[in-house]
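Order of appearance sets the numbers: ligands from 1, and atoms from 1 within every ligand. Any value given below was found using the heavy atoms of this structure, including those in side chains, with hydrogens, waters and symmetry copies removed.
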Amino acid sequence: MKVSYFHVAAEVPEGINGPNGPDAAVVIDVLRATTTIAWALHNGAEAVQAFADLDELRAEARSWPDEKRLLVGERGGSKLNGFDLGNSPVSVLPETVQGKRLLMSTTNGTRSLHKVREVSCVLTMALPNRLAVAQRLIQDQPQHVWMVGSGWEGTYSLEDSLAAGALAESLVASGATIANDEMQAALALWSQWKGNPEACLRIASHGQRLIGLGDHDADFQCCAELDKLSVVPMQVEPGVLRATSC
Ligand code: 3SL
């Protein structure tokens with residue numbers, strides 16, 4: 001297995017379905033979309049359906065009975081007007097999400113998901129399900145894995161690279177090889193911060209943005225908690241993620 005990392009959707013090379021494309025894509029948005037997805041599916045959501053475009057989300061929402069779906073999303077870190085939930089992993093409680101379809105749109109994470117939706121195997125990963133995703137990849141042995149960060153509006157984000165490094169560490173320990181410099185750098189970042197990932201999340205520019213918006217202590221703790229969940233969110237049809245476990 002070879003593993004590459006791309007910081008943001010815009011850096012993902014063309015030809016994703018061509019002979020040089022990946023056999024599996026892993027989307028990462030530590031703060032906070034893929035952490036929220038992992039917790040929502042762990043807590044019993046029927047599925048998370050991701051939308052880059054809000055009009056498409058609203059059109060899909062009209063085809064669901066109100067009691068069977070939740071609108072989840074943010075722009076700029078704040079809950080969208082008229083939505084049921086923002087993008088906090090501590091808000092997707094079992095009593096709120098159990099059995100429901102979460103229609104979700106976020107500033108960056110759902111764009112990365114959109115970018116790789118044609119890949120035959122798409123997983124999402126955050127620090128709480130790092131080991132579960134690693135175990136799935138080690139079991140399935142895709143030849144080339146592309147990890148794709150979400151960043152912020154096209155720019156690099158520290159926390160997504162940190163998590164890419166955390167996943168790469170587990171894969172390399174099982175014989176995977178590193179295929180690009182971004183992945184090497186992510187591994188180095190993880191080795192620097194693995195003793196205190198929450199501190200890294202807090203100094204990251206998006207961490208600072210969230211702190212500026214108000215008290216996000218519970219989100220930081222939740223997003224930094226390593227290997228807590230066994231859920232592996234997997235795309236089952238374009239944009240739709242369901243829980244599988246390892
Ligand atoms: O950018 C995103 O997709 C979000 O995860 C950002 S936020 O943490 O919800 O503000």
For ligand 1, what is the set of protein residues having any non-hydrogen atom at a distance below 4.0 Å? Asp29, Leu31, Arg32, Ala33, Glu74, Gly77, Asn87, Thr106, Thr107, Asn108, Gly109, Trp152, His206, Leu210

Among residues at least two apart in sequence or on other chains, which ones pass salt bridge (charged side-chain N to carboxylate O under 4.0 Å, His left out) with Glu169? Arg130, Lys194

Residues Glu74 and Thr107: side-chain donor-acceptor under 3.5 angstrom: yes

Consider side-chain contact (heavy atoms from CB on, under 4.5 Å). Of Leu201, Val90, Leu210, which one does Cys223 pass it with? Leu201

Carefully, step by step, assess Arg117 and Gln235 under the rule side chain to side chain donor-acceptor pair (under 3.5 Å). CA-CA 8 Å; Arg117 60 200 265 147; Gln235 181 175 264; 5.9 Å; no

Is the backbone N or O of Gly214 less than 3.5 Å from a side-chain atom of His216, with the two atoms forming a donor-acceptor pair by type? yes

Is there side-chain contact between Ile16 and Val116, with heavy atoms separated by less than 4.5 Å? yes

